[in-house]
Every structure is written in C-alpha cells, then in structure tokens.
Protein chains: 2
Amino acid sequence: MLVSEKTIERLCLYRRFLRELRVQRTTYAYSHQLAKMAGLTAAQVRRDIMAIGYYGSPVRGYEVEKLLESISDFLDGPDSLGVALIGVGNLGRSILAYLNRRNSRLNVTAAFDTNPEKIHRVIVSCHCFPLEDYPRVVREKNIHSTIIAVPADQAQPVADLIVKSGVKGILNFAPVHLSVPEEVFVENIDMAIALEKVTYFAQQDNKARAER
Amino acid sequence: MLVSEKTIERLCLYRRFLRELRVQRTTYAYSHQLAKMAGLTAAQVRRDIMAIGYYGSPVRGYEVEKLLESISDFLDGPDSLGVALIGVGNLGRSILAYLNRRNSRLNVTAAFDTNPEKIHRVIVSCHCFPLEDYPRVVREKNIHSTIIAVPADQAQPVADLIVKSGVKGILNFAPVHLSVPEEVFVENIDMAIALEKVTYFAQQDNKARAER
DNA sequence: CGGTGTGAATTAATTCACAGCA
DNA sequence: TGCTGTGAATTAATTCACACCG
C-alpha cells in the first residue's frame, strides 16, 4: 500500500484529534469536523481515510474508536519502536523533555553525547551514553529512529554512524542536508529557515496562500 | 511577483549555501553544485533562481556574490524586522538560544511569558516582558513575526493576541492548528508529528520516496 | 436532507529535454 | 563542450461534483 508522505503526516494529525475526541467521549465524527480541526478540506480528510481502507457511515460519519484503531494499525508497525537522541545540548534536552512528556508510545529511550560531563547522567529520565556506544545500544534497545541535535558540522558524521548502525529513520535538527542511502528516511526541521520563511510571508501582505 | 512557498523555502537554503561559498572565497557556482548541497535537482535550482529574475552565465554559472544579493533583496523587505518569542519554557529558551546564536539578521529581540519568575529577566540576551506588554512592544520594536512556544492549550489565545496586535507571521511550535485570518501566515513545526512520520517511514523498508 | 466514497477535473510542483551561447 | 533558461511533458496533490444511502 503506497501512501504519500503528506497523507502520513495528516493521518498522524487525525489520530491526535481522534484521541482528544475519545477523551471527550465523542463517539462519531464527520470528515468536516476533522477537517476543521486540522485546517483542511473535508474532501482531503475523506481521501486520506480512504487511503488506509477505513469506511465510515454516510449517516453518522466515522466511528472515533474504530477509526483511531485503523489509523494506529496502519501507522504503527507490530514491534515497539525505540527512539534515540544524539546531542544533549540545550536544544537536545528540550526536545527530549518535550517529546517524553507526551503520552505517546514514541519515547526517546537513549541519549548520546561526546561531552564527558554529560555521559552517564540521566537527562529527563533518559540515560546519556557516550556516542561510541550507539551501535550497541541500537541493538539492545531496538532503536528504529534517531533524532540529530548536534551542531551543523557534526551532523554528517553522526548521520553516517546512524546509517552504519542500521537505523532507517532520522529526524534532523541540524541546518545541513544529510547524505544518506536512499532507503534511509530523513525529515529535516530547520528552525532558522522556517523563521525566514515566516518573515518573508509576514511582509507580503499576502496573496500567496499556504499554511499547511 | 508570485512565488510558491516551497520556492521561498529553497531560496532561503540557497542563500545559506551561498554565504558558505562566499566565506570559502568561491566566486561562481553552478546550479548542480547548489543542487548537490540542497539535495535537489539542478533543474529545480534553476527554476527557483529564474523565479526571482536573476540570470547566470551559461559558461561560469552563477556569480556567488551577485546571486546572494539578489536573493536577499528578494527575500528581505526594506525595513529591518523584529521577531518576538512567546513562551519562555525549556523549548522557548532553546529556540531563542539556537536562533540568536546564528549570524542571521533575524534575531529574537523580545520574549514574553506570564510566569512572574521569568518576567523582566534577561534570557539569552533577550529581555522577557509580561505577556500583556506584547501589543506595546510590537509597536516599539517593530515586530513582524512571532514564535509561539507555549503549551497547546494556550496557543490559540496567544495567537489571537498576536493577530490583534497586527503581526502577520507566526512560527508555531504548539501542537494545535491555529485559526487566524487568512492574511496571517502560520508555519507549524510539530515535533511530535515529525517523529511519528520518521518512525513510520523507518519501518517501511522504503519505497516511498521523500525527504524534502 | 446531509453525510460518504470516488471518478474526473483541476491545479501545483517537478522534471525533461533541448535551443542557444561563449 | 557544458552550462543556462525555459517550453512542454509529466507527475503529484488537491478539489470538484455527484451517485448513493439510511
């Protein structure tokens, strides 16, 4: 089943909303309600849901619990997934705090740094290992994805280490393009570029539509 | 001149590379070199550069200094631009540190929080004001864009305040969709979703191409 | 009715491929 | 020859619009 990157992203969003709805004891939701929450069109939502082969009822819409389960079955693999973080500076620590505080099953379970002062300390309930232990810990903790939060000039060697260790997903906060083999998925979060973009569009009084 | 969001993003990237090239005293660059640095095709780079009306030489490629100037003229407005940050928690502070440490002319010049312990302290060389001063400081410091780094449940009211104060660009780190009038540009950085996406594609051994 | 599912149409983004030039 | 600039083709993403259904 081939689903586009954009659709995957939106499915993750819908899942978040569905969890909220479940908490509020809402049992059914229409595509236009989900669309409203996500800032999308109803047709888009229906298309995305179609992509995972779930079917709603034309009269009541989508059953929250069931749709949630379908999306999760689709997104989550069978095995539980470990996430590592490399680079325990300011940014790394706050990413760690941010992600591990959420209820998600995606928790960062191992951190790595080269700074001897950080090694073997526990940071936001996550043990910090020396970087050279990465390949071993990847095996032991079943790490599938790794977050890069090191300075720009160290990002490529770190990425090489990640790839060599067999990890296939990278979330990269360093402002550089990483060269990796094509079976490795890289998502870049470049805060400086994002801010420049916002500033550009803030100046244009704004015909260019966008926002997601 | 109407330029797509994606193109703007890439222009910001090229600018970064051009600055690096300038530091290394490189005077000319070919589209395929820029493409390599950005992980794109050469045709894409040429299209983007076309969009801003700059012309390279078919024999030497693009003149680094000149192209840099053209891109900057295009991206940066005439007036210098202030950026504010709302929410001086862990995440906010590390965003601040990250952005203000770069040489960019886009510096965060004012921070805001409601926590009395943070107010009127200086955080990463940036004064922290009480949130209610936001409209005033926006005027005084010529703020055009604002970064939201508050908890999810406070993001919408904060966005409303931003909009009411006449600011037209928002960089939103809170995991919620913001409702704003359509002349206001919102860029979302949702770290939790980004990680879920990476994890999804890390599992698929990976036919779905992507990465930017 | 007011929903869903979806083929068809549209619009956006990217890539191809080649003329033209020094 | 090896680049740029760009029309044309292609591919991807989104939206339209309507059949169908309880």
Side-chain angles (χ1 to χ4, degrees), chain A residues 1-14 18 21 26-64 66-67 70-71 74 177 182 197 201 207-212, chain B residues 1-14 18 21 26-64 66-67 70-71 74 177 182 197 201 207-212:
Chain A
M1 213 188 280
L2 24 50
V3 176
S4 82
E5 200 178 325
K6 297 259 190 85
T7 294
I8 295 299
E9 213 167 300
R10 288 187 300 254
L11 287 169
C12 295
L13 264 184
Y14 306 151
L18 290 166
L21 290 172
T26 307
T27 50
Y28 283 88
Y30 294 118
S31 59
H32 66 258
Q33 297 178 290
L34 291 171
K36 182 96 176 288
M37 292 192 258
L40 302 166
T41 65
Q44 179 86 84
V45 172
R46 295 203 299 273
R47 272 259 182 265
D48 291 333
I49 289 174
M50 230 178 69
I52 63 166
Y54 180 83
Y55 290 87
S57 135
V59 57
R60 296 155 156 271
Y62 301 100
E63 199 172 337
V64 170
K66 292 277 180 56
L67 177 54
S70 288
I71 294 180
F74 181 84
H177 170 75
E182 76 165 326
K197 191 172 147 189
F201 285 107
K207 32 220 60 169
R209 279 274 22 80
E211 170 171 341
R212 177 148 296 246
Chain B
M1 213 188 283
L2 22 51
V3 176
S4 81
E5 200 179 325
K6 298 260 191 85
T7 294
I8 295 299
E9 211 168 301
R10 287 187 300 256
L11 286 168
C12 294
L13 264 184
Y14 305 152
L18 290 165
L21 290 172
T26 307
T27 51
Y28 284 88
Y30 295 118
S31 59
H32 67 259
Q33 296 177 291
L34 291 171
K36 181 96 176 286
M37 292 193 259
L40 301 166
T41 65
Q44 179 87 83
V45 172
R46 295 202 299 273
R47 272 260 183 264
D48 291 333
I49 289 174
M50 230 179 70
I52 62 168
Y54 179 83
Y55 290 86
S57 134
V59 57
R60 294 156 157 271
Y62 301 100
E63 199 172 337
V64 170
K66 292 276 179 58
L67 176 55
S70 288
I71 293 180
F74 181 84
H177 170 75
E182 75 164 329
K197 190 172 147 190
F201 284 107
K207 31 220 59 169
R209 278 279 16 83
E211 167 171 342
R212 173 147 297 244

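Below, read A as the first sequence line, B as the second, and so on, with proteins coming before strands; counting in each chain starts at 1.
Remark: His177(B) NE2 to Met37(A) CE distance equals 11.5 Å, nearest 0.5 Å. Atoms CD1 and CZ, from Ile8(A) and Phe201(B) in turn, are 5.0 Å apart once rounded to the nearest 0.5 Å. Annotation: the span from Leu13(B) atom CG to Lys197(A) atom NZ amounts to 10.5 Å, rounded to 0.5 Å.
Within the 4.5 Å cutoff, no side-chain heavy atoms of Leu21(A) are placed close to those of Tyr62(A).
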Just list the side-chain donor-acceptor pairs under 3.5 Å for residues 40-53 of chain A, sequence neighbours left out, or say none.
from: Thr41(A); atom 1: OG1; to: Gln44(A); atom 2: N; distance (Å): 3.2
from: Arg46(A); atom 1: NH1; to: Ser31(A); atom 2: OG; distance (Å): 3.4
from: Asp48(A); atom 1: OD1; to: Thr7(A); atom 2: OG1; distance (Å): 3.2
from: Asp48(A); atom 1: OD1; to: Arg10(A); atom 2: NH2; distance (Å): 3.1
from: Asp48(A); atom 1: OD2; to: Arg10(A); atom 2: NE; distance (Å): 2.7
from: Asp48(A); atom 1: OD2; to: Tyr14(A); atom 2: OH; distance (Å): 2.6

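For the salt bridge (charged side-chain N to carboxylate O under 4.0 Å, His left out) condition, the pairs that include at least one residue of residues 49-64 of chain A, sequence neighbours left out, are Glu63(A)-Lys66(A). Sorted pairs that involve residues 49-58 of chain A and meet salt bridge (charged side-chain N to carboxylate O under 4.0 Å, His left out), not counting sequence neighbours, are lacking altogether. Residue pairs meeting the ring pair (Phe, Tyr, Trp, His ring centres under 6.0 Å) criterion with at least one member in residues 26-57 of chain B, sequence neighbours excluded, are Tyr30(B)-His32(B).
Proximity of Tyr62(A) to the phosphate of dG5(C): a side-chain N or O atom is located under 4.0 Å from OP1 or OP2. Listed pair Tyr28(B) / dG2(D) fails the phosphate criterion, with no side-chain N or O lying under 4.0 Å from OP1 or OP2.
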Checklist entry - For every nucleotide of nucleotides 17-22 of chain C, 5' to 3': is a protein heavy atom under 4.0 Å from its base (B), only from its sugar-phosphate (S), or from neither (-)? => result B--B--

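What separates OH of Tyr54(A) from P of dT4(C) is a distance of 11 Å, to the nearest Å. Put simply, OH on Tyr55(A) is 16 Å from P on dC20(D), counting in whole angstrom units. Atom CZ in Arg60(A) sits roughly 17 Å away from atom C1' in dC1(C) (whole-Å rounding). One can place CG of Leu40(A) at 12 Å from C1' of dT15(D), the figure rounded to the nearest angstrom. For the pair Leu67(B) CG and dT4(D) C1', the interatomic distance rounds to 13 Å; values are reported in whole Å. Computed from coordinates, the Asp48(B) CG to dT4(D) P distance equals 13 Å when rounded to whole Å.
Looking at heavy-atom distances under 4.0 Å, Ser57(A) makes contact with sugar-phosphate atoms alone, never a base.
Remark: nothing in residues 30-37 of chain B comes within less than 4.0 Å of DNA chain C through any heavy atom.
Closest of all the heavy-atom pairs between Leu18(B) and Val64(B) is O-CG1, 3.6 Å.
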Please list, for nucleotides 7-13 of chain C, all pairs of protein and nucleotide N/O atoms separated by less than 3.5 Å.
from: dG7(C); atom 1: N7; to: Arg47(A); atom 2: NH2; distance (Å): 3.1
from: dG7(C); atom 1: O6; to: Arg47(A); atom 2: NH2; distance (Å): 2.8
from: dA8(C); atom 1: N6; to: Arg47(A); atom 2: NH2; distance (Å): 2.9

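With sequence neighbours excluded, no residue forms a side chain to side chain contact (heavy atoms under 4.5 Å, CB included) with Thr27(A).
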